[in-house]
Amino acid sequence: MTGIHPTAFVHPDAVLGARVRVGAFSVVHADGEIGDDVIIGDHCSIGIETPLAEGIVRIGPNSIIRSHAVIYRGSEIGPRLETGHHVVIREKSFIGANLRVGNFSDIEGSCSIGDFCRFHGYVHVGKGSKIGNFVWLYSLTTATNDPLPPSHLTEPVEIRDGAVVCVGVTLMPGTVVGQGAFLTAGSTVSGSVPDAAVVAGPQGRVMCHVSKLAHHRSGLRHPWMRHLKDIFPAEAQDRLEVLGTAIGATRVLLGKPAA
Amino acid sequence: MTGIHPTAFVHPDAVLGARVRVGAFSVVHADGEIGDDVIIGDHCSIGIETPLAEGIVRIGPNSIIRSHAVIYRGSEIGPRLETGHHVVIREKSFIGANLRVGNFSDIEGSCSIGDFCRFHGYVHVGKGSKIGNFVWLYSLTTATNDPLPPSHLTEPVEIRDGAVVCVGVTLMPGTVVGQGAFLTAGSTVSGSVPDAAVVAGPQGRVMCHVSKLAHHRSGLRHPWMRHLKDIFPAEAQDRLEVLGTAIGATRVLLGKPAA
Amino acid sequence: MTGIHPTAFVHPDAVLGARVRVGAFSVVHADGEIGDDVIIGDHCSIGIETPLAEGIVRIGPNSIIRSHAVIYRGSEIGPRLETGHHVVIREKSFIGANLRVGNFSDIEGSCSIGDFCRFHGYVHVGKGSKIGNFVWLYSLTTATNDPLPPSHLTEPVEIRDGAVVCVGVTLMPGTVVGQGAFLTAGSTVSGSVPDAAVVAGPQGRVMCHVSKLAHHRSGLRHPWMRHLKDIFPAEAQDRLEVLGTAIGATRVLLGKPAA
């Protein structure tokens, strides 16, 4: 695929960088500003209007937006965004470099996401969430924000650098996940999770330090930055090194509820 | 956006009310009957044919249908429907006024949904479900219907007025959720949930009356109608008042399994 | 609907069988090879390019692909595929006859799926999964594959013939689900599940033999093939009979963790 597909609809006020490709039946609305070398798949809607935000959505260069994605106006997205299919990104999302976000995920807006985050599918980032750098959210992660549902109250979630949230975790309103923490599959987590803590179960109890997480056959062991640097670009390497060292040096108190 | 987008496809037999807007690359099939002032986003398919139902789908006035939504023929939907993106509504769905349903939710048909319901994302309303008025279904609510999967048996779920189903709840086949009940995040619920009961955990145990649910800093307390009336239109106010009073006056027996 | 919708886009190199129908605004890319009598709904993208695979995607005759589906090139799919809406099937998926897969499900590629499988909605089949014949995956089934997330390690899941995975089950990396096993709603399962075992809970414990699963009012009892043969076509009947007999003849040891 090269260039704008003959069936695509690019609004005359949209701004497209060099070598942008737009797939069949995709729409770039008036408020879309697409960086150089971006690839947009089929059936996308970029720059959707909303009364909740003004201004353009700026999508950084070298991004890949897969089919059926929906991105609102009024957001700022760094270079090398990579989305799966059927992804939704609402207005006022401030997203750093090289976010990868999987199929059917939903970033609900008024949120900040750092650099080099990796989200899998069916991830729900509730409105107002604050997510650091190098954060992993696996499938069906749900970041809630209403402490007394339903109400007007809002206590969004914060997830700090290098944390790993496994499949099916529910982050209760106001949860703060410490740097490099690891939330095991299916856990429900609330309160304040210490840095580098492994948390498990329906009450989100602290089990151990992440360095206890190992894979016996391969000998690999957390923090994960030790064995997974190579999937990140050159400019991320120093930051990964510093982050891995900081997480490795942390100590945690065992057997305490995360709250 | 005003009027029918030049790229949209509206079947000549479809019926469109006054001031209807249809987004880019959306399809209104022959069996679509769209009320006045409805807004349809991009990439929608409205009035999809199926051998399982005859007749039109009637969508009430002032509705907003966001992009990539799929609505079958053979349903009746009240005024002020508001859908998120990528929503599916199957045939024989009878839906009251002002349903709001979030991204990636799936209403599987042959069901009834009352007025002023609020569903968040990834909500699965199984075929045959019966849902009252003012019901809240949070993300990843799943309403099942087969008591011996897989089989031809079907025991759909019923959820009564004002009930709140939190994130990630599974409603087992045949569950009846009482008026104003509150199902906590991640619980699995079966049998008959008493009115105004708070239910929690994998066995769906009754914990307390909803009036015990409070937010300390704000002083807010359930039933939720006390502090959240303002998001509903004028014609809902009296009904909310009556419902809140009824729920507040209920007593529940503690420590019993919901079944 | 008959034939190719005037708004559809079929690449001149795509190969379409007899009587194929293609819905509004759907795309069949150059690498799509569509069997006779296939029906493709609106807004689909079939045969999507990827650097991860070469060659066509062959879709068997008499398939029904519902709207907003995404199917990559480099896969082989048997006759009578039936997808829901917004389904994703990635490259290098080798899929047998008559798979039915529900709305918002995601088959992540490099996997094999046997004949006559039935997947409901929001099902995530992780990369490399190996799934037998007559397997049921209910909503929100997640088949993971990384034993030390995040890492380069991969231990995909295997699910054998006739197994039933209920709503919201997480299959941990490397899980092998035995023939005819039954994983109850919300369980988290790892290790090796014996044939015909019923497994439940967050530690995936073996509870009993599937023949203990019964519905009192109807008198129906597992294995499910005894009462649900009629939904499968004639050529499946003998295989179902043999499979049901084999599962019924199994014995399991109780009270042991699945691992």
Side-chain angles (χ1 to χ4, degrees), chain A residues 7-11 24-30 42-46 48-50 67-72 85-90 103-108 121-124 126 140-153 155 168-174 186-188 190 202, chain B residues 1 5-8 23-26 39 41-44 66-68 84-86 102-104 118 120-122 134-140 162 164-169 182-187 200-202 210 213-231:
Chain A
T7 65
F9 184 87
V10 177
H11 192 282
F25 307 116
S26 272
V27 189
V28 184
H29 291 274
D42 304 335
H43 307 290
C44 293
S45 288
I46 311 293
I48 289 187
E49 277 186 53
T50 169
S67 81
H68 304 88
V70 171
I71 303 183
Y72 277 66
H85 303 275
H86 304 97
V87 164
V88 175
I89 303 178
R90 295 284 311 240
N103 299 334
F104 309 110
S105 285
D106 183 7
I107 296 175
E108 272 294 285
Y122 313 103
V123 165
H124 177 84
L140 298 168
T141 293
T142 303
T144 66
N145 59 19
D146 182 347
L148 191 73
S151 77
H152 285 300
L153 301 166
E155 297 180 2
V169 170
T170 301
L171 296 155
M172 301 299 280
S187 55
T188 298
S190 58
Chain B
M1 177 176 112
H5 195 276
T7 64
F25 307 116
S26 271
I39 301 173
D42 304 335
H43 307 291
C44 293
R66 292 195 171 81
S67 82
H68 304 87
H85 303 275
H86 305 96
N103 299 335
F104 309 109
R118 300 287 179 262
H120 282 216
Y122 314 102
F134 300 105
V135 168
W136 293 78
L137 304 183
Y138 282 89
S139 291
L140 298 168
V164 178
V165 180
C166 292
V167 169
V169 170
F182 184 97
L183 314 184
T184 60
S187 54
V210 289
L213 294 175
H215 182 258
H216 297 296
R217 249 172 303 163
S218 63
L220 295 180
R221 182 182 289 281
H222 272 260
W224 60 264
M225 302 80 186
R226 293 179 180 165
H227 53 262
L228 204 67
K229 278 192 191 131
D230 58 312
I231 66 163

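Reminder, nothing fancy here: chain letters follow the sequence lines and each chain counts from 1.
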- [ ] Output, in order, the C-alpha distance, side-chain angles, deciding distance and verdict of side-chain contact (heavy atoms from CB on, under 4.5 Å) for B/D42 and A/H29.
- [x] CA-CA 11 Å; B/D42 304 335; A/H29 291 274; 2.8 Å; yes
- [ ] Hey, could you give me the NE2/CG distance between B/H215 and A/D146, rounded to the nearest 0.5 Å?
- [x] 8.5 Å
Task: From CG (B/L140) to CG (A/L140), nearest 0.5 Å - done: 6.0 Å
Task: Pairs of heavy atoms under 4.5 Å with chain A: top-ranked of B/L228, B/L220, B/L213 - done: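 Option with the greatest count: B/L228.
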TODO: Against chain A, work out which of B/W224, B/F25, B/W136 has the most heavy-atom pairs shorter than 4.5 Å and name it.
DONE: B/F25
TODO: Let me know if A/L153 has heavy atoms under 4.5 Å from chain B in its side chain, its backbone, both or neither.
DONE: side chain
Task: Region of A/P150 that comes under 4.5 Å of a non-hydrogen atom in chain B - done: both
Please tell me if the side chains of [X] and [Y] come closer than 4.5 Å, counting only heavy atoms from C-beta onward.
X	Y	answer
B/V167	A/H124	no
A/C44	B/H68	no
A/S151	B/H227	yes

Open item on the list: Please rank A/V27, A/T144, A/T142, A/L148 by heavy-atom pairs under 4.5 Å with chain B and give me the top one.
Closed with: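 So the answer, after comparing A/V27, A/T144, A/T142, A/L148, is A/L148.
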Open item on the list: Test of understanding: with side-chain contact (heavy atoms from CB on, under 4.5 Å), list the residues that count as partners of A/V88, not counting sequence neighbours.
Closed with: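 Checked A/V88 against side-chain contact (heavy atoms from CB on, under 4.5 Å); matches are A/V70, A/R90, A/D106, B/H85, B/H86, B/N103, B/F104.
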Task: Audit row: A/H152, B/D230, side-chain contact (heavy atoms from CB on, under 4.5 Å) steps and yes/no - done: CA-CA 10 Å; A/H152 285 300; B/D230 58 312; 2.8 Å; yes
Open item on the list: Would you say B/H120 and A/E108 are linked by a side-chain donor-acceptor pair, where the criterion is simply a distance under 3.5 Å?
Closed with: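 Side chains of A/E108 and B/H120: no pair found under 3.5 Å.
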Task: B/R118, part contacting chain A, at a heavy-atom distance under 4.5 Å - done: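 B/R118 has no heavy atom closer than 4.5 Å to chain A.
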